[in-house]
Number of protein chains: 4
Amino acid sequence: MTDSQGSTRSRTAGAKRQRLMRAAAEVVHRQGAERTTIADIARVADVPVGNVYYYFKTKDELVAAALSEHARQLELLTDHLDRLPDSRERLKGLIEAWVGQRDLAARYGCPTGTLAVELDKRDEGGLDVEAGRVIRLLLTWVEHQFRELGQPEPDGLALTLVSAYQGMSLMANALRDPAVMDREGARLLAWLDSLEAA
Amino acid sequence: MTDSQGSTRSRTAGAKRQRLMRAAAEVVHRQGAERTTIADIARVADVPVGNVYYYFKTKDELVAAALSEHARQLELLTDHLDRLPDSRERLKGLIEAWVGQRDLAARYGCPTGTLAVELDKRDEGGLDVEAGRVIRLLLTWVEHQFRELGQPEPDGLALTLVSAYQGMSLMANALRDPAVMDREGARLLAWLDSLEAA
Amino acid sequence: MTDSQGSTRSRTAGAKRQRLMRAAAEVVHRQGAERTTIADIARVADVPVGNVYYYFKTKDELVAAALSEHARQLELLTDHLDRLPDSRERLKGLIEAWVGQRDLAARYGCPTGTLAVELDKRDEGGLDVEAGRVIRLLLTWVEHQFRELGQPEPDGLALTLVSAYQGMSLMANALRDPAVMDREGARLLAWLDSLEAA
Amino acid sequence: MTDSQGSTRSRTAGAKRQRLMRAAAEVVHRQGAERTTIADIARVADVPVGNVYYYFKTKDELVAAALSEHARQLELLTDHLDRLPDSRERLKGLIEAWVGQRDLAARYGCPTGTLAVELDKRDEGGLDVEAGRVIRLLLTWVEHQFRELGQPEPDGLALTLVSAYQGMSLMANALRDPAVMDREGARLLAWLDSLEAA
DNA sequence: TATGAATGAGTTTTCATTCAT
DNA sequence: CATGAATGAAAACTCATTCAT
């Protein structure tokens, strides 16, 4: 009965909204927020342009949605890692996940990092703050692991680790070389191993 | 005192071109390439919009000019550092220069790094390659210092150092916190000190 | 009575597109492609400038549309003439149609011919080829009539006839004298009559 | 003494003016008046842009100069043909000259004809009248030959011949086929031969 | 809600023409 | 006269957003 016309419709309400969020996350990662048009996102989400505005009142809301989609992905990852019994292993799992994305990173950089770079150049809208929030999410989780490991200054270590990730993603991207992810990833893993146990 | 009417006229030929390059570098750093209009740059350089095209045929050429202006700044810095007798001191001088820019970094990130991020999301124009070239310039200089220090794998060390710089700039920017530059800068200095002499 | 507000709204969908095509054909004929602005066409079609791009992505597409509008007019004419039983009469009908347009020809020349002249001075876009195609349409129809008449070398005769039309239109236009169309038209009619029956 | 700085200067005053006229004629023929910029002409004439305005106050004056350059070329040709003793031979010589230009015609059409087509689409400036004048020059010369041949209605014959030339040039151009010039040229020669002597 | 179409403000780019030297 | 540079008025094109069904 529902979806009798098939094609673009989906079963549950909100499915369209989700398609739009995912499309926004993907396209904005690839093209950047500024070069992405509403029409681009609508096309990928298979939603008519005019209809987008029922789910997101402005383009900025769509970019915010892209950000929270990335936050969601991050949570999926950390939730998964949280099942590991050892904090050190969790951190190593995180790094391995990063390295696993090396081709994407070499082509488009870290989704959240590059978006933060772009949004930080705006004055209005507060989207820059939103981007910072997502990065802080990661920072907090990492800090938590270092604390569990009994490390002194877990916040400083967390900052170092996340900075390293952002740095290596940016370099891999700028040099268009995925090997950067491998080399720096390996270095980070060795560094983690070298840390004293509590 | 001279130039009392103050506006568009300047003493030497080519001065306008230079004003435009500097304005482009500055405005693009602050606003990003995409959000910067030719009119923005023209205003800062105090040049009529139509006249900009006498010096730069397209907007892309202006962005390229901004990039090479950053490359020039980098060369000024490394030329200066090259006067120091010790390679380790040169590298420490570099880091101190980075930290010295902490407020700018916290507000707008590393000029070259953020520009690379933005340009890498384009397919056409080859400006992304240009951005990579500037970063490679830095990489090469740093590698040279590590080699002089007699370090094994100077290229890997250079990559680590420059990545760290890009990472900390991005994090300072995303968190809007200049202290990031201080903390990570100090860590890098300590790391340099810890390296064995040849 | 309906459409009392009278301006941009129309009954059927696609009506606007058609209005734009016709306006393009008319204005381009009068002003030439180069001197015609999108705004000119938009004004005549009573469509807001920005909206034109919903129907035609570039100005070149609008010029192509003007060309195909002329092709359509030509087909209407030949379809009409095809109802005549005798090929010779069809050709004479064609010439009479040309002469019937003498005032328009004296003022602006043959729509397709003048457009071809203008477009052939371009290198890019391939619109010149498009213009050639429309002229070939006419050539082919005329050739078909000569063949039915049992004439030897119907292609050569067709070329002569269409060339004569283009020549007389150009001369009428350059001299601003519609009488040119009458005189040369009469000559062509006499020539047709003088051709041997098969 | 004069021309001590060499390079772009030329011996006689007015040489620059001549270079500009020739360049205008050539470039306008190739690109059309509208697509030709002052800078294009200046480049071909090897004259600095700013200097053009000492010789021609507006772009329209340059186009007029292009026209009169074509008129001059025409006069050179007819002066040359006038040396032939027989009028019929003079007309045949004219046609042969046309056919001799077949490749240029196939690429860019008749210089005067195509310019007339373009200029006739303007309202202001009176350049259209100027173009008509050049064509009338040719018409008058041809008519004179037919009159000398003792033909009745020499003006009508002249119109027919010049129309034929414009038509075949336009068709050769539109079809991008120089062979059109050969075929129609041969037809015109045969036609001339078929005319009764007085 | 759904949808194609409409709107208008903004941006890059081009060029004839003018100006200062 | 000569010349590089300046100027400003178009013009094409883009797109977020809104509107009429």
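Hydrogens, waters and symmetry mates are skipped; everything else that's a heavy atom, side chains included, is used. Chain A is the first sequence line, chain B the second, and so forth, proteins listed ahead of strands; every chain is numbered from 1.
When the C1' atom of dA12(F) is taken as reference, atom CG of Leu20(C) falls 16 Å away, rounded to whole Å. For the pair Tyr55(C) OH and dT14(F) P, the interatomic distance rounds to 17 Å; values are reported in whole Å. If you measure from atom NZ of Lys59(D) to atom P of dA9(F), you get 19 Å, rounded to the nearest angstrom. Taking atom OH of residue Tyr53(A) and atom P of nucleotide dA20(F), one finds them 17 Å apart after rounding to whole Å. If you take CZ of Arg43(D) and C1' of dA16(E), they are 15 Å apart, rounded to a whole angstrom. Here dC1(F) presents its P atom at 9 Å from NZ of Lys16(D), a figure rounded to the nearest Å. Atoms CG (Asn51(D)) and P (dT21(E)) sit 19 Å apart, rounded to a whole Å. The distance from atom CD1 of Ile38(A) to atom P of dA5(E) is 19 Å, rounded to the nearest whole Å.
For Asp60(A) and Lys57(C), each mapped to the nucleotide of DNA chain F holding its nearest heavy atom, the one lying further toward the 5' end belongs to Lys57(C). Where Gly50(C) and Glu34(B) meet DNA chain E, the nucleotide closest to each residue was compared, and Gly50(C) sits on the side nearer the 5' end.
Although no hydrogens or angles enter the test, the distance criterion places no donor-acceptor pair under 3.5 Å between the side chain of Asp120(D) and the main chain of Tyr108(C). Lys121(D) places a side-chain N or O within donor-acceptor distance of the main-chain N or O of His29(C), the cut-off being under 3.5 Å. One N or O on the side chain of Thr58(D) and one on the backbone of Glu61(D) form a donor-acceptor pair closer than 3.5 Å.
Shown here, dA20(E) forms a base pair with dT3(F); the pair counts as Watson-Crick or G-U wobble because both key distances fall under 3.5 Å.
The side chain of Thr37(B) has dT11(E) as its nearest neighbour among dT13(E), dT11(E), dG4(F). Distance from the side chain of Tyr54(D) is smallest for dT3(F) among the nucleotides dA16(F), dG4(E), dT3(F).
The shortest side-chain heavy-atom distance between Val63(D) and Leu119(D) falls under the 4.5 Å cut-off.
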